[in-house]
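Written out below as structure tokens is the structure these notes cover.
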Amino acid sequence: MPRDWPGRLRLFGYTASRGAESPGPGVRERLVPPFPEPSTRLLERMGLGPAPAYRVAGAMGWLGPLLVAVLAGALRFWRLGRPRDLVFDETYYAKDAWSLLRLGYEGTWPDRKIADPQVLADPQVVPLSDAGAFVAHPPTGKWVIALGEWMFGLTPFGWRFMTAVLGTLSVLMLCRAGRRLFRSTALGCLAGALLAVDGLHLVMSRSALLDLVVMFFVLAAFGCLLIDRDRARARLAAALPTDEDGHTRPDGHTGDRAGTGLRPWRLAAGFFLGLAAATKWNGLYFLAAFMLLTLLWDVGARRVAGAHRPYLAVLRKDLGRSALSVAPVAAVTYLATWTGWFLSDDGYGRHWADGRGGTWSWIPAPLRSLWHYEYLVYRFNVGLHTPHKYESNPWSWLVLGRPVLFSYQSPKTGQDGCDTARDCSQAILALGTPLLWWSACCALVFLLHRWALRRDWRAGAVLCAVGAGYLPWFLYQDRTIFSFYAVVFVPYLCLAVTMMLGALLGSPRASEKRRIGGVVAVGVIVLLITWNFIYFFPIYTGLTIPYPDWGARMWLDSWI
């Protein structure tokens, strides 16, 4: 048995990274792995000629994700206006969004027991006052909701419209991000399809809450950084010297000194991360995590290119540009989202700093007023300890220990489609598809192995995103928090499951028997997850079902 640590770790699947002196074949391919040529075999068997089959196969990189997104959109827009109610925290965000449309800032509403019936009445009454109200979250997510209300009015369909749009687009984006991450259209579409049939993502896409908006902007930033990674590494590969046979080889000087040019996709990532933080502050954790992730990607690229000191090279050539591409753009974006408040006179705390002196009096008064307002918001959020029936500890989130009931009605026989002798149930439960989430628990363990022992950057990227969305909540053990906050990292759980299923499929170099067995196993798992989603679909969308059928879906006592 080998006595050195790398030798011992090889027993568990450890793969040592190659040094510049032994780069292996295809340095260019290691920097930017090419997308495989699309297979036309199936299309030709269906009767298409070689040329049309090749064009259709090439178009599947977009056609496949679009088809998955259409399916996701159909699920998310179906009966979107039902229930006709302000479910859970819609009572805050739908009304604040309308206030932003009318005033540019969050005004004051009467108590929900008074205001909600008036908003839902016919004819509608909107009891909005122009006095500024203290609110717990920045305005971007409410501006997003307001866009739907601008188009369709202050109605359930109006305030849910934009979250349904973003939920649908996030499925499309995940298909494309997964395709780039795994270099496989099939695996990318599989990741998007898993997101399309996740119950928590569905419920949040059909509710006017902020967490789905954060998820969308973070996923957009993640996709931008994947594109930036490929383009920066392609520029680095183009700068490397080639030998007389045309093969690219690593070069220490190039690896240490070559620049990667303008990186507009990092600017775009900074913009989206700024919007995420301007929706809810947990977007800031993704900002920090993704900045670190991209720097480590740059270190890996320079190491492959032959840099003698890759960390020092990144410090010289990439760190400053990366910081200037992401953090300042995010900060400017965040401030820009408060424009309506800055332009108002009645926004909460808008003139707090007017006429105040002190050490910081050189800073413009509106910025100091905003800082004070944000300080009050911070104190409110970290001090939120009010007990709630559906609060949960983050330890229970991945195993779906305590989902959140958004709405529950008990129609009597003959009412709302209840045609049984016993009463019925109409429930909307913010619950992830159980078999998908429990598979994700196994997948995260698999990715930890791939990242720690096989140096797989894809596993590291997915784990980084999951960690940024999940781990910070453990810092707030005493705060009132809910499991639906986890929707922010649901896309990366789907990527984790997809990566695990991709490994189960087997390598293209595996035997035909091995590949057939892998396809069957993956097919069974995907079908079970899909069946599980269909089974729980009534309690995701508030369909009327007999009370015993609702009880049969309460697999755990903690779900009630």
Quick one: does [X]'s side chain have a donor or acceptor within less than 3.5 Å of a partner on [Y]'s backbone?
| X | Y | answer |
| --- | --- | --- |
| N532 | L435 | yes |
| S129 | T108 | no |
| R515 | G506 | yes |
| W143 | L100 | no |
| S99 | G107 | yes |
| T433 | G199 | yes |
| R183 | R180 | yes |

Check whether any side-chain heavy atom of [X] lies under 4.5 Å from a side-chain heavy atom of [Y], and answer yes or no.
| X | Y | value |
| --- | --- | --- |
| D478 | H385 | yes |
| W281 | P138 | yes |
| T163 | S205 | no |
| R206 | F77 | no |
| I428 | L405 | no |

Under 30°, 30 to 60°, or over 60°: which ring-plane class applies to [X] and [Y], parallel, tilted or perpendicular?
| X | Y | result |
| --- | --- | --- |
| Y375 | H372 | tilted |
| Y373 | Y348 | tilted |
| F157 | F161 | tilted |
| W397 | F489 | parallel |
| F533 | F537 | perpendicular |
| F536 | W555 | perpendicular |
| W531 | Y535 | parallel |
| W338 | Y334 | tilted |

Assess the pair [X] and [Y]: is the distance between their ring centroids shorter than 6.0 Å?
| X | Y | answer |
| --- | --- | --- |
| F152 | W159 | no |
| Y492 | F222 | yes |
| F290 | Y285 | no |

Begin with the C-alpha distance, continue with both residues' side-chain angles, and end with the deciding distance and a verdict on salt bridge (Lys or Arg N to Asp or Glu O under 4.0 Å) for K280 and D211.
-> CA-CA 8 Å; K280 288 185 77 172; D211 301 86; 3.0 Å; yes
Straight-line distance of H137 NE2 to N381 CG, nearest 0.5 Å = 5.5 Å
Applying side chain to side chain donor-acceptor pair (under 3.5 Å), run through R402 and S558 and close with a yes or a no.
-> CA-CA 6 Å; R402 183 60 170 165; S558 60; 5.8 Å; no
Using a distance-only test with no angle check, is there a side-chain donor-acceptor pair under 3.5 angstrom linking [X] and [Y]?
| X | Y | answer |
| --- | --- | --- |
| Y408 | S425 | yes |
| T91 | K95 | yes |
| T544 | Q426 | yes |
| Q477 | N393 | yes |
| T168 | R76 | no |

Could you give all pairs that pass the salt bridge (charged side-chain N to carboxylate O under 4.0 Å, His left out) test and reach residues 154-167, with sequence neighbours left out?
-> E90-R160
May I ask you to check if R112 and W109 form a cation-pi contact, with NZ or CZ under 6.0 angstrom from the six-membered ring centre and within 45° of the axis?
-> no
Check the pair D198 / W437 against side chain to side chain donor-acceptor pair (under 3.5 Å), numbers first and verdict last.
-> CA-CA 9 Å; D198 176 62; W437 280 64; 2.7 Å; yes
Could you note down all residue pairs passing disulfide bond (SG atoms under 2.5 Å apart) where residues 389-438 supplies at least one of them, sequence neighbours left out?
->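 Sorted result for residues 389-438: C418-C424.
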